[in-house]
Structure formats: structure tokens, C-alpha cells
Asker: 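Input: one structure, supplied below.
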Amino acid sequence: MHRTLYRKLVDAHTVTQLDAQNVLLFCDLHLMNEYTSPQAFAGLDEQGRQVLVPGQNMAVVSHVIPTDPGAIRIIRDAAPALQASNLRKNCDQHGIPLFDTQDALQGIEHVVAPEHGMVRPGMVVICGDSHTTTYGALGALGFGIGTSEVEHVLATQTLVYRLAKDMRIQVDGLLPLGTTAKDLILMVIGHIGAQGARGHVIEFCGTAFDAMSIEARFTVCNMAVEAGARGALIAPDQKAADYVLARSADLIGPLQQVALQHWASLRSDAGAVFDVEHHFDASAVPPHVTWGTSPDQVAPIGGAVPDPETQAAGPLRRSTEQALRYTGLAAGTPLEGIAIQHVFIGSCTNARIEDLRAVAEVVRGRQVAQGVRAMVVPGSGAVKQQAEAEGIARLLLDAGFEWREPGCSMCLAMNGDILADGVRCASTTNRNFEGRQGRGAITHLMSPAMAAAAAITGTITDVRRLETPHA
Ligand SMILES: CC(C)[C@@](O)(CC(=O)O)C(=O)O
Ligand code: SF4
């Protein structure tokens with residue numbers, strides 16, 4: 001029978017079929033953060049259970065950690081400090097590797113795990129975090145799990161897994177200059193909707209993805225969950241193999257040959273049937289920006305805020321009306337030219353070295369606009385060190401950006417980095433929900449290059465139209 005890559009990965013990890021829709025699934029790698037792990041460890045301790053395979057788990061402190069420049073990274077508030085100390089205690093007790101607050105390589109789990117070669121094609125990778133879909137970029141099936149499942153995985157390295165359906169999104173052609181992977185995935189989400197892939201694992205394919213870097217593929221797969229997907233996959237190619245081998249000192253000689261042979265088999269069969277298929281042309285995609293409070297409330301930069309009056313009465317119109325009330329935007333307002341007060345460049349979506357290089361390219365020879373606060377938060381210590389070594393940090397500091405320590409930071413208001421009520425932010429993150437970055441704060445999702453352009457002009461700006469910097 002012809003199988004999709006998704007089904008091949010599930011079949012290879014099925015310990016036993018539980019019923020028509022559910023299998024007991026083996027998980028190669030379980031990632032944890034301080035936010036979704038405490039209850040799971042408490043459950044283990046109550047039952048006097050141990051972690052079955054500590055070495056197939058890894059933990060980071062990412063969501064609550066302060067990112068103040070050069071800070072000693074002490075978490076001052078009692079509750080988050082307790083979350084971090086609990087994680088430290090639990091990892092010590094169970095022998096689980098931890099990137100702790102003082103670790104120079106600490107960062108966001110979805111940036112740290114791949115950069116240390118922990119994620120390999122064909123793996124099943126899980127985490128108590130919905131953006132675990134990121135790992136599809138390496139041909140690994142990654143997905144978020146709930147707290148109760150975290151406990152089950154710690155005790156058995158397996159979980160009860162409900163099979164998803166198969167969706168294929170084929171994108172051919174090359175992204176035009178100024179358009180990035182972030183613009184492409186925002187366009188797709190705008191097209192299929194925030195629930196358009198609900199219950200499906202998306203396989204992304206086509207010449208647009210062949211041409212993309214691994215980091216760009218991370219961005220796309222990271223945001224698949226914002227279309228409701230339960231996973232994302234891109235068949236691993238030579239780029240994926242090179243990325244992983246460059247970070248995997250153990251894969252040498254015969255082992256490397258075996259790995260490469262296996263990875264080459266990780267693709268959907270020619271006759272595999274997908275439940276849903278979408279096709280897009282990359283060459284026609286302009287930069288995109290969200291105007292509302294859901295990632296699917298998005299438009300090309302040359303567009304305008306929609307008029308709910310033109311929408312049929314019903315949920316769509318109501319959500320548009322609510323979004324305009326919250327974002328304070330009038331129907332018909334052109335996206336380009338909306339004033340912003342804050343720029344946040346960071347998150348597991350867009351804070352890898354390639355993203356920071358893109359920001360530096362836009363910022364070179366320019367200054368942050370008067371009245372704009374612009375923050376750059378690297379996705380990990382390794383990214384931060386590399387950006388500093390390449391002179392990117394210096395360039396951004398000289399231009400008026402804040403250069404901060406790694407962490408989730410202002411992606412969400414769960415640490416010291418919170419936006420005040422009414423502040424409008426150009427953000428490289430993945431969610432623009434009401435209050436996401438702070439109570440009453442307004443989030444416009446966009447690419448790193450577009451966020452950099454907004455920092456320079458103080459308004460939402462088409463990066464393709466920025467004037468050449470003055471010599
Ligand atoms: C809320 C936070 C912990 C989270 O990481 C949770 C998640 O993605 O599941 C998010 O970005 O929304
Ligand atoms: S960076 Fe944002 S989206 Fe990613 S794990 Fe952290 S809070 Fe969630």
C-alpha cells in the first residue's frame with residue numbers, strides 16, 4: 001500500500017495498535033520547559049515512578065527567564081522562580097539534561113534542540129508546547145502534548161496517539177526578493193484559515209521548499225500549528241542531512257552511511273493519497289502582515305484592513321469586528337504606514353542566525369526611528385554568540401536596538417518583557433492573540449526583515465521600498 005511520509009513515521013514508531021484511530025507511539029525525544037513539566041514530575045513522584053529513559057529527554061528554562069542585557073538572569077518573581085527551581089530539582093533527581101538559566105547555551109527549546117543535533121530525520125519529537133511542529137523541517141514528526149501526557153512519556157517514553165489525516169501543501173516557484181518563509185506561511189494560514197489544517201499533519205513540498213534553507217523551513221513548520229495542524233513535515237534532503245551531520249559528531253563512518261540511507265527513504269510514496277491538497281505559487285507572494293488578533297487575519301503589505309460590512313453576517317464578520325475593536329484600526333486603513341511604538345525580533349519562529357542576518361541587512365547604515373523601542377532577543381546562547389562574532393550585535397546596538405539575552409521574552413507576557421496597554425508592536429513571533437504580548441497590547445506578525453523596516457521608519461513598512469541608506 002502506498003504510504004505518506006507521515007504514515008511511515010507513525011508506523012515505524014507504533015508499539016501497538018490500540019484501536020482504529022489510536023496507537024501506542026514510541027517517542028525518540030521528549031523536550032521539556034519549566035512551564036508544562038512540574039505537574040508531570042509531581043505525578044511520577046506520587047506514584048514512586050522513575051523516568052524510563054532520562055537520556056531521551058531534555059529540558060530548558062525558556063518561558064520565564066529574564067532577557068535583560070548582560071543580566072545575571074536571576075528570576076525575581078516567586079512563582080516563575082519556583083517553576084525554574086522545580087525543573088532544576090526534577091532534572092537533577094531523574095538525570096535529565098537541562099539547559100539551565102546560567103548555561104551560556106540556554107535558549108528556546110525549539111531553537112536549542114536542533115542546533116545541538118538532537119533532532120534527526122525520522123524521529124518522533126514531542127514537547128508540552130504546540131510549536132514542536134518546528135522539527136518537521138528536518139523530516140521529524142514533532143507535535144505538542146498536554147501535561148498529563150508528559151507524565152506518561154516520562155514514565156514509558158510512549159504516548160497514546162490519535163492518528164491524524166494527511167494534508168499536502170505544494171509550493172512551487174521561488175520566493176521573490178523581499179519575501180521570506182514567514183511571508184509564505186502567513187499567506188498560507190490566511191488562505192486556509194487558523195483551523196484549515198485541523199486534525200491533519202501537513203507535508204510541505206515543492207521547489208519553493210527545495211530552495212529554502214533549513215532555518216526558513218523551521219519557520220514554516222513552526223507556524224503550521226497556527227493553521228491547526230497536528231504536525232508538519234518536509235521530506236529530508238541533502239540540506240537536511242548536511243544540517244544534522246554538521247551537528248552530530250557521533251554520525252561518522254558506517255553509522256553515517258546507515259543514517260543517510262535511512263533518511264533517503266523518508267518520503268511519501270509516489271502513489272500515496274492525501275486527504276487534502278493545496279497548491280501555491282511562491283513567485284507571486286509579497287510580504288505579509290497581520291492586521292487582527294489571529295494569525296489568519298493577515299494581508300499582503302499592499303493591502304488594507306478589511307471592512308466587516310463587506311463580509312457576510314456570521315462568525316467571520318464578528319471576529320473581524322472584534323479584531324478591529326481590539327487593534328484600534330479602522331476598516332480600509334492601508335497596512336503600510338500604520339504607526340508602531342515597539343519592535344520585537346525574537347521567538348522560536350524567527351530568532352535564528354539567518355533571521356538576525358536578515359535584520360542586519362535592513363538596518364545597516366540606518367537608525368531606529370525616534371520614539372520606537374526595538375528589542376532583539378536571540379533564540380539561544382549559540383545564536384547570540386554567533387551574531388556577536390559576526391558583528392551583527394554591534395551593528396544593531398549602534399543603530400539603537402536593544403541586544404538582549406536568549407529566551408521566549410516578549411513572544412508572550414510570561415516574563416519581564418511585557419508591552420503596556422495600547423502599544424502597537426511589529427513582531428517576528430507566531431501569535432497575535434488579544435493580550436499575547438501584554439494586556440491591551442497590539443501585535444502585528446511579520447518577517448524579521450519587515451520588523452527591521454518598521455523599526456527604521458516607525459511604521460509598518462514594505463521592506464522592498466526602503467530607501468537606500470544614506471552613505
Ligand atoms: C503559552 C506558551 C507556554 C506557549 O509556548 C504554549 C504553546 O505554544 O503551547 C505558546 O507559545 O503559546
Ligand atoms: S518563543 Fe513563543 S511560541 Fe515559541 S515556545 Fe516560546 S512562548 Fe511559545
Side-chain angles (χ1 to χ4, degrees), residues 30-40 58-67 79-80 83-84 87 99 106-115 119 125-137 142-150 182 185-186 189 194 215 218-232 290 293-295 344-352 355-356 375-381 383-384 404-419 425 427-439 441 443 445 448 451:
H30 172 223
L31 303 173
M32 279 177 284
N33 59 50
E34 71 283 12
Y35 181 65
T36 46
S37 60
Q39 301 92 315
M58 185 275 274
V60 297
V61 180
S62 50
H63 287 67
V64 300
I65 193 165
T67 66
Q83 286 178 319
L87 185 61
F99 286 86
Q106 167 278 343
I108 307 164
E109 50 272 42
H110 307 316
V111 177
V112 171
E115 67 188 7
V119 178
V125 183
I126 55 172
C127 177
D129 187 277
S130 61
H131 294 96
T132 310
T133 53
T134 302
Y135 308 114
F143 53 91
I145 59 175
T147 302
S148 59
E149 293 170 299
V150 173
K182 181 64 163 287
I185 189 62
L186 282 173
I189 295 168
E215 292 174 314
F218 281 141
T219 300
V220 170
C221 293
N222 174 277
M223 286 200 71
V225 70
E226 307 309 334
R230 286 190 48 216
T290 61
T293 53
S294 168
F344 175 65
I345 292 166
S347 87
C348 58
T349 312
N350 278 125
R352 296 176 181 86
D355 301 313
L356 302 187
M375 287 165 68
V376 181
V377 178
S380 72
V383 170
K384 179 170 185 284
R404 299 176 72 92
E405 298 296 324
C408 293
S409 182
M410 194 173 273
C411 178
L412 84 167
M414 194 183 267
N415 48 67
D417 303 330
I418 296 176
L419 279 183
C425 181
S427 188
T428 65
T429 48
N430 49 44
R431 286 179 170 165
N432 54 343
F433 304 155
E434 293 191 9
R436 174 79 181 182
Q437 293 185 300
R439 189 184 159 79
T443 304
L445 304 180

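All residue numbers in this chain count up from 1 along the given sequence. Read the numbers this way: they start at 1 and go in the same order the structure lists the ligands and their atoms.
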Asker: Looking only at side chains, do Ser62 and Glu109 share a donor and an acceptor under 3.5 Å apart?
Answerer: yes
Asker: Which residue and atom name correspond to the protein heavy atom nearest atom 1 (S) of ligand 2, and how close is it?
Answerer: Cys348 N, 3.4 Å
Asker: Which ligand 2 atoms does Leu412 reach within 4.0 Å, using its non-hydrogen atoms?
Answerer: 7 (S)
Asker: Judged by non-hydrogen atoms, does Met410 sit under 4.0 Å from ligand 2?
Answerer: no
Asker: Answer yes or no for Thr429: is there a heavy-atom contact with ligand 2 below 4.0 Å?
Answerer: no
Asker: Using modelled atom types and a 3.5 Å cut-off, is there a donor and acceptor pairing between side-chain atoms of Glu215 and backbone atoms of Arg352?
Answerer: no
Asker: Do Lys182 and Met223 have side chains that approach each other closer than 4.5 Å (heavy atoms only, starting at C-beta)?
Answerer: yes
Asker: Is there a side chain to side chain donor-acceptor pair (under 3.5 Å) between Asp355 and Thr428 once you walk through the steps?
Answerer: CA-CA 9 Å; Asp355 301 313; Thr428 65; over 6 Å; no
Asker: Let me confirm one number: the OG1-CD1 distance from Thr429 to Ile345, rounded to the nearest 0.5 Å.
Answerer: 11.0 Å
Asker: Within the structure, does Asp129 bring an N/O atom to less than 3.5 angstrom of an N/O atom in ligand 1?
Answerer: yes
Asker: Run Cys411 and Thr349 through side-chain contact (heavy atoms from CB on, under 4.5 Å) and show every step you take.
Answerer: CA-CA 10 Å; Cys411 178; Thr349 312; over 6 Å; no
Asker: Is the shortest side-chain heavy-atom distance between Glu405 and Pro66 below 4.5 Å?
Answerer: no
Asker: So, for Val150 and Gly128, which heavy atoms are closest and what is the spacing to 0.1 Å?
Answerer: CG2-CA, 4.4 Å
Asker: Considering only heavy atoms of Tyr35, which atoms of ligand 1 have at least one such atom less than 4.0 Å away?
Answerer: 3 (C)
Asker: Look at atom 2 (C) of ligand 1 and find which of Thr349, Leu412, Thr429, Thr132 reaches it with the closest heavy atom.
Answerer: Leu412
Asker: With respect to atom 2 (Fe) of ligand 2, please indicate if Cys411 possesses an N, O or S atom at a distance under 2.8 Å.
Answerer: yes
Asker: Taking non-hydrogen atoms only, is Arg436 closer than 4.0 angstrom to ligand 2 via side chain, backbone, both or neither?
Answerer: side chain
Asker: Which protein heavy atom lies closest to atom 3 (S) of ligand 2, and at what distance to 0.1 Å?
Answerer: Asn430 ND2, 3.2 Å
Asker: How close do His110 and Cys127 get, counting heavy atoms only, and between which atoms?
Answerer: CE1-SG, 4.3 Å
Asker: Could you find the nearest protein heavy atom to atom 11 (O) of ligand 1 and give me its residue, atom name and distance?
Answerer: Arg436 NH2, 2.7 Å
Asker: Record the part of Thr349 in heavy-atom contact with ligand 2 below 4.0 Å; permitted values are side chain, backbone, both and neither.
Answerer: neither
Asker: With atoms numbered from 1 as shown, which atoms in ligand 2 lie under 4.0 angstrom from a non-hydrogen atom of Asp129?
Answerer: 5 (S), 8 (Fe)
Asker: Counting only heavy atoms closer than 4.0 Å, does ligand 2 sit against the backbone of Arg431, its side chain, both, or neither?
Answerer: neither
Asker: Hey, can you tell me if His63 and Tyr35 have their rings parallel, tilted or perpendicular (30° and 60° cut-offs)?
Answerer: parallel
Asker: Nearest non-hydrogen contact with atom 9 (O) of ligand 1 belongs to which option: Cys411, Cys127, Ser130?
Answerer: Ser130
Asker: Would Cys408 count as a contact for atom 4 (Fe) of ligand 2, in the sense that one of its N, O or S atoms lies under 2.8 Å from it?
Answerer: no
Asker: State, with a plain yes or no, whether a side-chain heavy atom of Asp129 is found less than 4.5 Å away from one of Asn33.
Answerer: yes
Asker: Is the shortest N/O to N/O distance between His131 and ligand 1 below 3.5 Å?
Answerer: yes
